[in-house]
**Student:** 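Right, I'll just put the structure down here and ask away after.
Below, read A as the first sequence line, B as the second, and so on, with proteins coming before strands; counting in each chain starts at 1.
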Protein chains: 2
Amino acid sequence: MVLTEPPLTQTDCAECPIRHRAVCARCEPTELEQLESMKYYRSFEAGQTVIWSGDRMDFVASVVEGIATLSQTMEDGRTQMVGLLLPSDFVGRPGREVAAYDVIATTSLTMCCFRRKPFEGLMIKTPHIGQRLLEMTLDELDAAREWMLLLGRKTAREKIASLLVIIARRDAALKQVNTTTRIVFDLPLTREAMADYLGLTLETVSRQISALKRDGVIVLEGKRHVTIPDFDRLLGETGDDADGGPLI
Amino acid sequence: MVLTEPPLTQTDCAECPIRHRAVCARCEPTELEQLESMKYYRSFEAGQTVIWSGDRMDFVASVVEGIATLSQTMEDGRTQMVGLLLPSDFVGRPGREVAAYDVIATTSLTMCCFRRKPFEGLMIKTPHIGQRLLEMTLDELDAAREWMLLLGRKTAREKIASLLVIIARRDAALKQVNTTTRIVFDLPLTREAMADYLGLTLETVSRQISALKRDGVIVLEGKRHVTIPDFDRLLGETGDDADGGPLI
DNA sequence: CGCAGTCTTGACGGATCTCAATACAGGTGG
DNA sequence: CCACCTGTATTGAGATCCGTCAAGACTGCG
């Protein structure tokens, strides 16, 4: 991943890039102070495993920078990604001692970790964290349900197109650009990770990307750099209602 | 569905069958009083639509009795069930005006509805409802993620076996019987509903049920009445870790 | 009895997976 | 600088699972 900024070091909450979107978004200054006392930063390199399913987990955390994945693996090795963690997303579950999923950094990753016990205590004493966490969890549930439709009913081509739309949207939101400009981004996932996300094999992912390229729906430079010449055309390939709205 | 009890009429919260598991589980007597003032019961027949995706929704609700499904439909008619609503499950999202999914009663159904605006007000003023709703939402998110693994990676046979295990577990919990006894239950879903849940066609569902029957994994009387002679054998067919624990 | 809804079964085709060979890029060491 | 290696991606051939289309069976009901 192209990461021009210097790596984050422990910051004051007031200057935190995810301050207004993370689980702490609604916190009052006094609550923030308490959070500061139980927080610490951890960094991971691309490819590193943050935690294995079944491991004891003494913290919960917010993703500050980078991308991580949440996935489940069956005995025989089949794996399914069940979540994509972007900056401001929350990891872990208050009250749960043991991780339920594998968490893997797909890019270099910085997390703001809170010791679990004190965090749980703060959640009981103050309302704002729990309220925000409820909102975020409801959003994730909606996203999971949208993903169930994709996994259960969409064709391989539609799955790829849907993933590209999601990444394009996320990227646009991050860069604060709007629809009309040309859409260009780098895929943050390997073909294998995309396959795990979409419930496909990596060969099928590769073939469908080639097909979309051949049909002019996308333009590829190298393996990862994507240009979308006509976003509506791509939207039409997702199988979703014509009107999922424009880019954002 | 075989429903021997008389249909529920509006009850006092204190006598409510889902009192200790629903969104109101943690409420103090004073909070319950307030809830009573904003609640009303609604009943639906099997097959009736409770609400269409996109409809305005001025209430949230708990399922008191019966089973409902949450589903999403694509323009061309492909549909995917994204949730199975059992007694004590919560329907709707505080702060959301418009339903995001179709809700359909698969059996006769009774819901305890709360007018949305007053309910939202109560959520802000008192902590217990929000806390309980957060717990329930986190549980649903876990269930959705488990379902993503099923949809993305399991074979048709494994999908059917997994669904049977879920229904058997739910039924055992309801009847309060334990593992060792013979497991017998009625399927609460049509083949088509099962297909929508599992991301299959109804023909494939039918074929796989026949195959499990032929192989002695299940015994069928009529179309809906199922006996599981060897629960561990069925568990082995789900593809999950050998140890998902026994029946409950 | 006939009808509608639900379910089963068969034949066929196609989308996706599996297995395998090859290509490409970046990094390392000679 | 180039050979080599590793991880990632592409492409092909064949197999397989599941979907599609279609016919027919079972059940309950008017």
**Student:** For residues 47-55 of chain B, which side-chain N or O atoms pair as donor and acceptor with protein atoms under 3.5 Å away, sequence neighbours left out?
**Tutor:**
from: Gln48(B); atom 1: OE1; to: Glu45(B); atom 2: N; distance (Å): 2.7
from: Ser53(B); atom 1: OG; to: Ala100(B); atom 2: O; distance (Å): 3.3
from: Asp55(B); atom 1: OD2; to: Trp52(B); atom 2: N; distance (Å): 3.3

**Student:** Begin with the C-alpha distance, continue with both residues' side-chain angles, and end with the deciding distance and a verdict on side-chain contact (heavy atoms from CB on, under 4.5 Å) for Arg170(B) and Phe185(B).
**Tutor:** CA-CA 10 Å; Arg170(B) 179 191 64 74; Phe185(B) 56 87; over 6 Å; no

**Student:** Who pairs with Arg214(A) by side-chain hydrogen bond (donor to acceptor under 3.5 Å, both in side chains), at least two apart in sequence or on another chain?
**Tutor:** none

**Student:** Can you check the Leu198(A) CG to dC17(C) P distance for me, whole Å?
**Tutor:**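 From Leu198(A) CG to dC17(C) P: 10 Å.
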
**Student:** How long is the line joining CG of Asp186(A) and P of dA9(D), in whole Å?
**Tutor:**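 Computing the Asp186(A):CG to dA9(D):P distance gives 13 Å.
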
**Student:** Using heavy atoms and a sub-4.0 Å distance, could you list which residues of residues 144-161 of chain A are near DNA chain D? By number, please.
**Tutor:**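 Those residues whose heavy atoms fall under 4.0 Å from DNA chain D, taken from residues 144-161 of chain A, amount to none.
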
**Student:** Look only at the side chain of Ser206(A) and the backbone of Leu202(A), and say whether a donor-acceptor pair between them is shorter than 3.5 Å.
**Tutor:** no

**Student:** Quick check: closest heavy atoms across Arg21(A) and Pro87(A), and the distance to 0.1 Å?
**Tutor:**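 Residues Arg21(A) and Pro87(A), closest heavy atoms: NH1-O, 4.5 Å.
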
**Student:** State, yes or no, whether a side-chain contact exists between Ile218(B) and Ile209(B) at a heavy-atom distance under 4.5 Å.
**Tutor:** yes

**Student:** In chain order, what residues pass the side-chain hydrogen bond (donor to acceptor under 3.5 Å, both in side chains) check against Ser62(B), with sequence neighbours excluded?
**Tutor:** none

**Student:** Remember a base hit wins even if backbone is also touched, and classify Gly47(A) as base, sugar-phosphate or nothing at under 4.0 Å, heavy atoms.
**Tutor:** nothing

**Student:** Measure up the Tyr197(B) and Trp147(B) rings against each other and bin them: parallel (under 30°), tilted (30 to 60°), perpendicular (over 60°).
**Tutor:** tilted

**Student:** Between the protein and nucleotides 5-9 of chain C, which nitrogen or oxygen pairs come in under 3.5 angstrom?
**Tutor:**
from: dC7(C); atom 1: OP1; to: Arg224(B); atom 2: NE; distance (Å): 3.0
from: dC7(C); atom 1: OP2; to: Arg191(B); atom 2: N; distance (Å): 3.0
from: dT8(C); atom 1: OP1; to: Arg191(B); atom 2: NH2; distance (Å): 3.2
from: dT8(C); atom 1: OP2; to: Arg191(B); atom 2: NE; distance (Å): 2.7
from: dT8(C); atom 1: OP2; to: Ser206(B); atom 2: OG; distance (Å): 2.6
from: dT8(C); atom 1: O5'; to: Ser206(B); atom 2: OG; distance (Å): 3.1
from: dT9(C); atom 1: OP2; to: Ser210(B); atom 2: OG; distance (Å): 2.6

**Student:** With respect to Arg153(B), which candidate in Thr73(A), Asp76(A), Asp196(A), Thr79(A) satisfies the side-chain hydrogen bond (donor to acceptor under 3.5 Å, both in side chains) definition?
**Tutor:** Asp196(A)

**Student:** Name the pairs: protein N/O against N/O of nucleotides 28-30 of chain D, kept only if under 3.5 Å.
**Tutor:**
none

**Student:** Please report the distance, rounded to the nearest Å, between CE in Met194(A) and C1' in dT16(C).
**Tutor:** 16 Å

**Student:** Is Arg169(A) close to Ile183(A) at the side-chain level, that is, under 4.5 Å between some pair of heavy atoms?
**Tutor:** no

